[in-house]
Enquirer: 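Structure below; questions to follow.
Just so it is clear, the values below take in all heavy atoms, side chains as well, and ignore hydrogens, waters and symmetry mates.
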Amino acid sequence: MGACHMVPLVTDVSSLPAGAEARRALCFDQAVVFIEDAIQYRSIHHRVDSSSLRLYRWYYSDACQWILSLTIFLILFLAFIETPSSLTRTADVRYRSAPWQPPCGLTESIELLCLLVFVADVSVKSYLVGWAEFWKNLWLQAYLLVLVVSLLDWTVSLSLVCQEPLRVRRLLRPFFLMQNSSMMKKTLKCIRRSLPEMASVLLLLALHLCLFTMFGMLLFTGEKKDDGQAQERLTYFRNLPEALTSLLVLLTTANNPDVMIPAYSKHRAYAVFFVVFTLIGSLFLMNLLTAIIYNQFRGYLMKSLQTSLLRRRLGTWAAYQVLCSLSAEGGAAAQGVGVKAQDVLQVLHKVQLAGSHKQAIVEKLRSYGGDMMSADEFQKLFHEFDKRVIKQHPPRPEYRSPFLRSAQFLFSHRYFDYLGNLVALGNLVSICVFLVRDADVLPGDRDDFVLGILNCIFILYYLLEMLLKLFALGLRGYLVFLSNVFDGLLTIVLLVLEISTLAVYRFPHPGWKPEMVGLLSLWDMTRLVNMLIVFRFLRIIPSMKLMAVVASTILDLIKNMRAFGGILVVVYYVFAIVGISLFRGVVVAPGNSSLALDNGSAPCGSFEQLEYWPNNFDDFAAALITLWDVMVVNNWQVFLDAYRRYAGPTSSTSGTAAVTCSPSPETRRPPIRCLWSSCSGTSWRSRRRRSCWRS
């Protein structure tokens, strides 16, 4: 790597514009862009002429990328505002007021502006990479196709005065998020590569489910109504779809042990069927699927890291070749010797780089003086990117008095922080004690005299602690610690609220009961802010090695899981839009439909009895929460049963059609009735076992 071989993408020196200054400036700009590509792991396959380099740097500037990110956020956020709007206080169909619906053209205008930004984005990207590279890049081609479809669908919406039944472009919006993230693209590619092995396990799961479904229908064939087999059949294995659904839910353990109880209460041996099914399905096949996904992602992650490192080395190598050509052209050294440290220093001043890393590289560069740098030395120079720079704390104030110096040492010691944590713990305990003591007391009958005095004492201590730390560390030294900034903001907020409380309600006295003003009184706001003091204990994590290792691992996981979080956002967004299109308006308030039962007549553990009315697909925000509840898989069979009833083929009819959607009296599942007084305070599973009967 010692010789200077020209990179094909770099313009040859002989073909540069006339004039040494112009050639030198262009080579410097190329080196700057190649180093920035190496820092961001970007490909160097793009145009390198003077005007293209200016456009390239402008496109990847912080301001331009911030505008693009804001545009992506706006077009995704439109789903909360446009019809059906999510601007209501509650999603419960019983109490929800009519939402505000934006006039036609309002959200469409914002959407058009976003689409125009994306048109400019794809145009700039296509120009910079060149048409030959454009036809090789499937993501850019898909980007252009999505924009064309979105603009056509937008035109159809305006021509129909925003009354179209389906907006296709809403399903395509998450694509703008994916195409702007290289990590999300890699994650999707990894998922695609994992599909063949995942399909084999999913096929085994389907076979396992079907075999046990048929075996269960043959096993539970009791004829007497009081027989455990008959109860199991009528409740969970009445027909093939219900038997398949029951075992599918059991595969997620959401209905365990409810699905087993009718047969198990008749004979112990029936438990073997359900235990074997759960062992094979949940504990073996599902874990095997997880292991395959983990193995595929681990292998692909290693390949992705290797690709990123290769891009970094290629970018730095290209920058080295450009600077090497300058040295050779200037006659400062023979071809292949190296590059000047002064040229590298001049390039680094133009590179967009974090100040701490740039300073570390510049200091290392100055150690070379006027010597030439070889290719290996040039590559090692950029290893500073992978190092964590330790920030140097500003100097503390210097005091002449021995007493002040002793006080400074005392109040800057870590034991003073431990004392603050101990006091915060006392504050937290006092609040919890009074909350427990007054749990059964009406707000109007509470006497907050003692708690008011304690809060005044704690707030005064927090203020004193902040002032003493400012004295010991100085303003800059105090602000360099994020924990101090958090504590200081909390102290200021607490002090303002406490002064406001004393000004309005006077000093605490026996029988002191601050009145409720609005949603929360000032006194309640003060107690809520006090709960944030618990975060002060996070400061002790770095002082405990095991906790520090765990905490740093969790933080690294959060950073590395951003791509997976983006994929999750895309999945939620698409399924929410599809859910709104399929199930909007199917869940109605009790009394408005023959299918919507009231709580008194609803089966125990059903959608109606559990009051799951806010879980619907009537707007985008409600759809997201519903999908979250289903993903948690606790009681997801309740949603499945409810939407099967409400959105069934006969659910839209009225009157006698509602009867046809229930099974015949001879074969239907015996309804499970509940005592409302006993069902309101326990979990739905215990309610089924303890306070329900069959009619």
Side-chain angles (χ1 to χ4, degrees), residues 66-122 143 145-180 519 566 568-589 592 613-629 643 646-647 652:
W66 184 85
I67 292 174
L68 185 59
S69 300
L70 179 62
T71 304
I72 295 173
F73 172 78
L74 282 177
I75 199 169
L76 293 177
F77 187 76
L78 283 178
F80 292 96
I81 303 175
E82 59 191 4
T83 306
S85 172
S86 303
L87 302 179
T88 55
R89 184 180 63 87
T90 178
D92 196 317
V93 295
R94 298 170 298 177
Y95 315 121
R96 183 180 58 203
S97 58
W100 173 80
Q101 301 295 349
C104 181
L106 177 62
T107 58
E108 285 74 16
S109 300
I110 300 175
E111 187 176 13
L112 179 61
L113 291 176
C114 296
L115 292 176
L116 291 178
V117 172
F118 294 139
V119 169
D121 179 50
V122 71
Y143 195 3
L145 178 62
V146 168
L147 282 174
V148 171
V149 174
S150 299
L151 289 172
L152 289 176
D153 190 63
W154 182 87
T155 306
V156 172
S157 295
L158 285 188
S159 63
L160 296 178
V161 199
C162 307
Q163 298 298 322
E164 73 280 10
L166 177 64
R167 297 184 180 183
V168 179
R169 64 185 184 278
R170 297 181 73 182
L171 291 171
L172 302 178
R173 287 174 183 171
F175 178 84
F176 302 125
L177 176 63
M178 289 189 297
Q179 66 84 27
N180 196 50
L519 181 62
L568 194 62
V569 169
V570 170
V571 172
Y572 265 72
Y573 201 99
V574 172
F575 273 86
I577 297 299
V578 173
I580 292 173
S581 302
L582 296 178
F583 305 118
R584 180 188 174 190
V586 300
V587 175
V588 295
N592 294 341
W613 303 108
N615 291 287
N616 53 67
F617 289 90
D618 292 350
D619 57 73
F620 188 74
L624 292 178
I625 299 301
T626 303
L627 290 174
W628 171 263
D629 292 338
Y643 280 95
Y646 285 117
S652 59

Enquirer: Output all residues satisfying side-chain hydrogen bond (donor to acceptor under 3.5 Å, both in side chains) with Asp618, sequence neighbours left out; order by chain, then residue number.
Expert: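 For Asp618 the side-chain hydrogen bond (donor to acceptor under 3.5 Å, both in side chains) partners, ignoring immediate neighbours, are Arg96.
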Enquirer: Tell me every residue that passes ring-ring contact (aromatic ring centres under 6.0 Å, His included) with Phe73, counting only those two or more places apart in sequence or in another chain.
Expert: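 Phe73: ring-ring contact (aromatic ring centres under 6.0 Å, His included) contacts with Phe77.
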Enquirer: Could you give the distance from CG (Asp153) to CD (Glu164), rounded to the nearest 0.5 Å?
Expert: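 The CD atom of Glu164 is 6.5 Å from CG of Asp153, to the nearest 0.5 Å.
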Enquirer: Test of understanding: with side-chain hydrogen bond (donor to acceptor under 3.5 Å, both in side chains), list the residues that count as partners of Gln101, not counting sequence neighbours.
Expert: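 Gln101: side-chain hydrogen bond (donor to acceptor under 3.5 Å, both in side chains) contacts with Thr83.
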Enquirer: Under the salt bridge (charged side-chain N to carboxylate O under 4.0 Å, His left out) rule, collect the residues that match up with Asp619, sequence neighbours excluded.
Expert: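 For Asp619, no residue satisfies salt bridge (charged side-chain N to carboxylate O under 4.0 Å, His left out) once neighbours in sequence are set aside.
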Enquirer: Got a sec, which residues hit side-chain contact (heavy atoms from CB on, under 4.5 Å) with Ile625, two or more places apart in sequence or on another chain?
Expert: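 Only Asn615, Asp629 meet the side-chain contact (heavy atoms from CB on, under 4.5 Å) criterion with Ile625.
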Enquirer: Atom OH of Tyr572 and atom CH2 of Trp628: how far apart are they, to the nearest 0.5 Å?
Expert: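 So the OH of Tyr572 and the CH2 of Trp628 are separated by 5.5 Å.
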Enquirer: Show me the pairs that pass side-chain hydrogen bond (donor to acceptor under 3.5 Å, both in side chains) and involve residues 111-122, at least two apart or across chains.
Expert: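 Every side-chain hydrogen bond (donor to acceptor under 3.5 Å, both in side chains) pair that includes a residue of residues 111-122, provided the two are not neighbours, is Tyr59-Asp121, Glu111-Arg169, Glu111-Arg173, Asp121-Tyr143.
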Enquirer: So do the side chains of Cys162 and Arg167 get within less than 4.5 Å of each other, counting heavy atoms only?
Expert: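 Counting from C-beta outward, Cys162 and Arg167 do come under 4.5 Å.
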Enquirer: Report the residues that fulfil side-chain contact (heavy atoms from CB on, under 4.5 Å) with Val569, sequence neighbours left out, ordered by chain and then residue number.
Expert: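 Counting only residues at least two positions away or on another chain, Val569 forms a side-chain contact (heavy atoms from CB on, under 4.5 Å) with Leu177.
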Enquirer: By side-chain contact (heavy atoms from CB on, under 4.5 Å), which residues pair with Leu116, not counting sequence neighbours?
Expert: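 If we apply the side-chain contact (heavy atoms from CB on, under 4.5 Å) test to Leu116, skipping adjacent residues, the hits are Leu112.
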Enquirer: Please report the interatomic distance OH(Tyr643) to CG(Asn616), rounded to the nearest 0.5 Å.
Expert: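 Reported to 0.5 Å precision, the distance equals 5.0 Å.
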Enquirer: Tell me, which pairs form a ring-ring contact (aromatic ring centres under 6.0 Å, His included) where one or both residues lie in residues 90-121, sequence neighbours left out?
Expert: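 Passing the test, one end in residues 90-121: Phe118-Phe176.
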Enquirer: In Å, rounded to the nearest 0.5 Å, how long is the span from CG of Leu78 to CD1 of Ile110?
Expert: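 Leu78 CG to Ile110 CD1: 5.5 Å, rounded to 0.5 Å.
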Enquirer: For residues 574-586, dump all side-chain donor-acceptor pairs below 3.5 Å to protein atoms at least two apart in sequence or in another chain.
Expert:
residue, atom, partner, partner atom, Å
Ser581, OG, Ile577, O, 3.0

Enquirer: Quick one: list whatever passes disulfide (SG to SG under 2.5 Å) with Cys114, sequence neighbours left out.
Expert: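 Cys114 satisfies disulfide (SG to SG under 2.5 Å) with no residue once adjacent residues are dropped.
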